2 protein chains.
Amino acid sequence: MGVTKSEIFTDAQNKIATLAKAFAHPARVAILHQLFKSETCICGDLVHEIGLAQATISQHLKELKNLGLIKGNIEGTSVCYCINEKKWQEMKQLLTTFFNQEIKLNCC
Amino acid sequence: MGVTKSEIFTDAQNKIATLAKAFAHPARVAILHQLFKSETCICGDLVHEIGLAQATISQHLKELKNLGLIKGNIEGTSVCYCINEKKWQEMKQLLTTFFNQEIKLNCC
DNA sequence: ATTATTAATCGTAATATTGCAATAAACGAA
DNA sequence: TTCGTTTATTGCAATATTACGATTAATAAT
């Protein structure tokens, strides 16, 4: 036990949950925030600015990349990470639709 | 060592992460979906419709309640749960602002 | 009062996530 | 080539989350 029973939920429910996990840790929120606002997007700079170990940042970057929300570009020995705008828009669409549901009944 | 270092992140980053956790599990997404669309909002109905054990649903409901996204009302032996619209709007505002950030630089 | 129904809580088992040191891999510079 | 720089991966320890049976608590029904 302790395993999420994905099979009993709809695809949409599983997808929302998977995407939401991207934002469910402050380190990933911080990384994304940096990628949006920063003039630079080099992995090493993220490590320096956020203050977690390099291995930890690398792991979070990998998760964000697996979700498709960011993409990486090798530049010599460093790697430049950027928001994947197409995927970001898709994610935004899915989540905001969920957030904008109408309440049919409110009895409390 | 397995502990999220909340103290090195901003309040906003921690808050986004905390709220996102509400949606980071399909069971909670399913519960919220039911509370939005359903004509009923009784805990027992959720257990029946979602197909997880009563204790498990109860635990997820507790988390959603702790976040303030839902509220419960005792009705005899059953409990009616509803979306807390005020908190839901606050959450929506915070997350959509995050989603709508402008990309300053896109080098990949 | 006794019994049935409903939901919360407790205890426990299992899996998932987080964090980092150490190491590896890949490249540029000397 | 050799050394330094940068990032990914591995291995491990610790905490967090998920799930559920069993129990408890509270109320309704008989």
Side-chain angles (χ1 to χ4, degrees), chain A residues 1-9 13-14 17-31 34-35 40-67 70-82 108, chain B residues 1-9 13-14 17-31 34-35 40-67 70-82 108:
Chain A
M1 296 115 206
V3 215
T4 295
K5 296 187 164 177
S6 308
E7 68 280 4
I8 70 171
F9 305 108
Q13 286 162 352
N14 282 316
T18 300
L19 284 173
K21 274 180 196 153
F23 314 109
H25 193 284
R28 290 190 291 272
V29 174
I31 287 172
Q34 282 293 325
L35 294 189
T40 167
C41 51
I42 303 299
C43 176
D45 294 340
L46 293 170
V47 173
H48 191 260
E49 294 208 48
I50 293 173
L52 288 172
Q54 181 266 323
T56 308
I57 296 290
S58 192
Q59 199 175 319
H60 284 302
L61 284 167
K62 190 181 177 182
E63 286 172 59
L64 291 172
K65 206 175 160 188
N66 286 342
L67 288 173
I70 64 172
K71 49 189 172 177
N73 221 33
I74 298 170
E75 292 187 356
T77 54
S78 30
V79 177
C80 168
Y81 282 101
C82 289
C108 317
Chain B
M1 299 136 198
V3 215
T4 295
K5 295 186 164 176
S6 309
E7 68 280 5
I8 71 170
F9 305 108
Q13 286 162 351
N14 282 315
T18 301
L19 285 173
K21 273 180 197 155
F23 314 109
H25 194 285
R28 290 191 290 272
V29 174
I31 287 172
Q34 283 292 325
L35 294 189
T40 167
C41 51
I42 303 300
C43 176
D45 295 339
L46 292 170
V47 172
H48 192 261
E49 295 209 48
I50 292 174
L52 287 171
Q54 182 266 322
T56 308
I57 296 289
S58 193
Q59 200 173 318
H60 284 301
L61 285 168
K62 190 180 177 185
E63 287 171 58
L64 291 172
K65 206 175 162 190
N66 286 342
L67 288 173
I70 64 173
K71 49 189 172 178
N73 222 34
I74 298 169
E75 291 186 357
T77 54
S78 31
V79 178
C80 166
Y81 282 102
C82 289
C108 317

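Computed from a prediction, not measured in an experiment: that's the story for all the values here. Quick note on labels: first sequence line is chain A, next is B, and so on, each numbered from 1.
- Residue-to-nucleotide proximity on DNA chain C shows that, of A:Gly51 and B:Leu61, the 5′-proximal contact is made by B:Leu61.
- Checked against D:dT18, D:dT7, C:dG19, the side chain of A:Tyr81 finds its nearest nucleotide in D:dT7.
- The CD1-C1' distance, from B:Ile31 to D:dA19, rounds to 13 Å in whole Å.
- Rounding to whole angstrom units, NE2 of residue B:His60 and C1' of C:dT9 are separated by 15 Å.
- Around the CD1 atom of A:Ile74, the shell of radius 6.0 Å holds no more than 12 heavy atoms that belong to other residues, nucleotides or ligands.
- Note: CD1 (A:Ile8) to C1' (D:dC20) measures 13 Å, nearest angstrom.
- Among the heavy atoms of the strands lying under 4.0 Å from A:Leu52 are primed sugar atoms or P, OP1, OP2 only; no base atom is included.
- Atom CG in A:Asp45 sits about 15 Å away from atom P in D:dT5, given to the nearest Å.
- Residue A:Thr56 is in base contact, counting any heavy-atom pair closer than 4.0 Å across all strands shown.
- Residues B:Val47 and B:Ala53 approach most closely at CG1-C, 4.4 Å, considering heavy atoms.
- For A:Lys62, counting side-chain heavy atoms from C-beta on, the closest listed nucleotide (C:dA7, D:dT9, D:dC20) is D:dT9.
- Although no hydrogens or angles enter the test, the distance criterion places a donor-acceptor pair under 3.5 Å between the side chain of A:Arg28 and the main chain of A:Ala22.
- The distance from atom NE2 of B:His48 to atom P of C:dT5 is 14 Å, rounded to the nearest whole Å.
- Taking all atoms of both residues into account, the shortest heavy-atom contact from A:Tyr81 to A:Leu61 is CE1-CD1, 3.6 Å.
- Among the protein residues, A:Glu63 comes within range of the sugar-phosphate backbone only, with heavy atoms under 4.0 Å from sugar or phosphate atoms but none that close to a base.
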(Q) Please encode protein proximity along nucleotides 22-30 of chain C as a string of B, S and -, counting only heavy-atom distances under 4.0 Å. (A) B----B---

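- DNA chain D is contacted by both B:Ala24 and A:Val79; A:Val79 maps to the nucleotide lying nearer its 5′ end (nearest heavy atom per residue).
- For D:dA19, one of the phosphate oxygens OP1 or OP2 lies less than 4.0 angstrom from a side-chain nitrogen or oxygen of B:His25.
- In terms of heavy atoms, A:Lys65 sits closest to A:Gly72 at CE-N, 4.2 Å.
- The CD1-P distance, from B:Ile42 to D:dT27, rounds to 16 Å in whole Å.
- Across all strands, A:Ser78 comes closer than 4.0 Å only to sugar-phosphate atoms, never to a base (heavy-atom distances).
- Taking all atoms of both residues into account, the shortest heavy-atom contact from B:Ser6 to B:Asn14 is O-ND2, 3.0 Å.
- The separation between B:Leu64 atom CG and D:dT17 atom P is 13 Å, rounded to whole Å.
- Residue B:Phe23 contributes atom CZ, which lies 14 Å from atom P of D:dT18 at whole-angstrom precision.
- Taking five base pairs at each end of the helix from C:dA1-D:dT30 to C:dA30-D:dT1, the local helix axes there meet at an angle of 10°, rounded to 10°.
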